[in-house]
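Chain letters run A, B, ... following the sequence lines, proteins first and then strands; every chain starts at 1. Heavy atoms only: backbone and side chains are in, while hydrogens, waters and symmetry mates are out.
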There are 2 protein chains.
Amino acid sequence: MTANILVVDDEQSIADLIEVYLKNENYDVFKFYNGRDALQCVENQNIDLAILDVMLPDVDGFSICQQIREKHKFPVIMLTAKEEEIDKITGLTLGADDYITKPFRPLELVARVKAQLRRFTKYNSAEPKQEEHLITFSGLVLDMDTHECTLNEKKLSLTPTEFSILWVLCSNRGRVVSSEELFQEVWGDKYFTNSNNTVMVHIRHLREKMHDSAEHPKYIKTVWGVGYKIEK
Amino acid sequence: MTANILVVDDEQSIADLIEVYLKNENYDVFKFYNGRDALQCVENQNIDLAILDVMLPDVDGFSICQQIREKHKFPVIMLTAKEEEIDKITGLTLGADDYITKPFRPLELVARVKAQLRRFTKYNSAEPKQEEHLITFSGLVLDMDTHECTLNEKKLSLTPTEFSILWVLCSNRGRVVSSEELFQEVWGDKYFTNSNNTVMVHIRHLREKMHDSAEHPKYIKTVWGVGYKIEK
DNA sequence: CAAATCCTTAAGATTATCTTAAGGCAATAT
DNA sequence: ATATTGCCTTAAGATAATCTTAAGGATTTG
């Protein structure tokens, strides 16, 4: 169920952030701010998956990926800044199993990691473990892989943000989740102000699509002064 | 269970206030009114968590945070005045694990401190200690994380203020808590006048929701001339 | 019995949330 | 390239929940 994950990014804040979200999912994280140390780690530790920034000060992600591939089989996910030209990226991410552009949403990163591990164990072990990419309960189905949502056999077409919010609420159901927490989980940003009512607006849209109401909620309940909640 | 906490704020009254509440929770407090002395302390003492005001006369909180991060791993919580622009804040609190805007409620501060320590020990020790965010006794359950309250399996929907008052009473049960003390704990405001009967009104609402009465109290007992009390 | 403290109630002030709509941005199609 | 579409964010007004205040009544104390 758990796995050793290598994280390499010279931007410490980003590496740290990734570490937090992965540890939150109970993965063991091996974090480095440069390529050299990371390569050493690969030899000594039993790594199951690597997340590499393509732009590193010493060795670039592409080289690391190549060197990993010479001896190891585990999946590699590349991180690329959005501004970097697509040509460069296609070159540098060659050989990677997936790549994610910065800034990314924590949920997305975690989902991709799980998907890769799922794919990998599927092809490499007799007893494939199943990571949770589905949430199902009382008529509601959420599929993280396809971002699809079904409510009582009817498909809801949710936007990415709406889906993420509902996902977080559902995976914490029975517990109240504050706007701030939702914001952090969905946007990956620590800084939330009360004047920011964007979470609220998306909740409103969600309720609309679920034929829910704020006054007599069937699904998303408002807990005054605390946050939102879906009953268990 | 206990921990060494560094507190830095140039507003002495605020630093003193924080000290009081933390000591009340049995933490050891190292308090400073400027950044220089605080940094020195970090080197000599075995600090477990820091609370830093972002706006300090000599070194700002951001710099302190950076300097701490170079050598230490403990969590850092930033304090920011509400008026300070969000841009400034995002810059200055970069690298912090959490931030709290002033004015804050003491309970909130304590809760955040506990949360950080919980998170930290979770990632850094084999035997994760559990800090108390739950109060349970004789049919009553209070959950600080979700602000939920259950009495004899029935859910009570308390307002934030009501919850806070009940929390303080419960965590001091067996002892009489004065209106003034309640006011300070819940509102974080030092100045309480006797003509202020707002605590009393909330007690009344609490009793109503708990099906309690002032004459024959099952839970919240009035101690004449002293305050309120919940039996042990 | 008088004085002090506490209880209850309700109205007004405050604060949090809801709703709606408009503008900006980004992805997609022409 | 440009146009179109859909999504996200922001802002402002409306609504609802909560908080505070104040006043009168009740209870306890001395």
At a heavy-atom distance below 4.0 Å, what parts of residues 221-231 of chain A sit against DNA chain C?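 Nucleic-acid contacts, sorted: Thr222(A), Trp224(A), Gly225(A), Tyr228(A).
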
Figure out the [atom1]/[atom2] separation between [X] and [N], and round it to whole Å.
X         : N       : atom1 : atom2 : result
Ile203(A) : dA16(C) : CD1   : C1'   : 15 Å
Asn197(B) : dA23(D) : CG    : C1'   : 10 Å
Lys209(A) : dC8(D)  : NZ    : P     : 8 Å
Glu208(A) : dT20(C) : CD    : P     : 8 Å
Arg204(B) : dA23(D) : CZ    : P     : 20 Å
Ile220(A) : dT17(C) : CD1   : P     : 15 Å
Leu206(A) : dC18(C) : CG    : P     : 13 Å
Met200(B) : dA23(D) : CE    : P     : 15 Å

Side chain of Arg207(A) (C-beta onward), nearest among dC18(C), dA16(D), dA10(C):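 Output: dC18(C).
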
Tell me the closest heavy-atom pair linking [X] and [Y], and the distance in Å.
X         : Y         : result
Asp212(A) : Lys218(A) : OD1-N, 2.6 Å
Ile64(A)  : Gly35(A)  : CD1-CA, 3.6 Å
Pro160(B) : Gly225(A) : CG-CA, 3.9 Å

Using 30° and 60° as the class boundaries, would you call the ring planes of Phe183(B) and Trp187(B) parallel, tilted or perpendicular?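 Parallel.
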
Taking the six-membered ring for Trp, are His147(B) and Phe163(B) parallel (under 30°), tilted (30 to 60°) or perpendicular (over 60°)?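 Plane angle under 30°, so parallel.
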
Is the count of non-hydrogen atoms from other residues, nucleotides or ligands lying under 6.0 Å from Lys155(B) atom NZ greater than 12?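 Atom NZ in Lys155(B) is crowded, with more than 12 foreign heavy atoms closer than 6.0 Å.
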
Below 4.0 angstrom, N of the basic side chain to O of the carboxylate: do Arg175(A) and Glu148(B) qualify?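 Glu148(B) and Arg175(A): not salt-bridged.
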
Looking only at side-chain N and O atoms, does [X] come under 4.0 Å of OP1 or OP2 in [N]?
X         : N       : answer
Thr159(B) : dC19(D) : yes
His205(B) : dT8(C)  : no
Thr198(B) : dC19(D) : no

Does a donor on one side chain sit under 3.5 Å from an acceptor on the other, for Tyr33(A) and Asp53(A)?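 Short answer, no.
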
No-hydrogen, no-angle side-chain donor-acceptor test under 3.5 Å, Arg207(A) and Thr222(A):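 Note: Arg207(A) and Thr222(A) side chains meet the donor-acceptor criterion.
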
To the nearest 10 degrees, how far apart in direction are the end axes of the helix from dC1(C)-dG30(D) to dT30(C)-dA1(D), each fit to five base pairs?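 The helix from dC1(C)-dG30(D) to dT30(C)-dA1(D) shows an end-to-end axis angle of 30°.
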
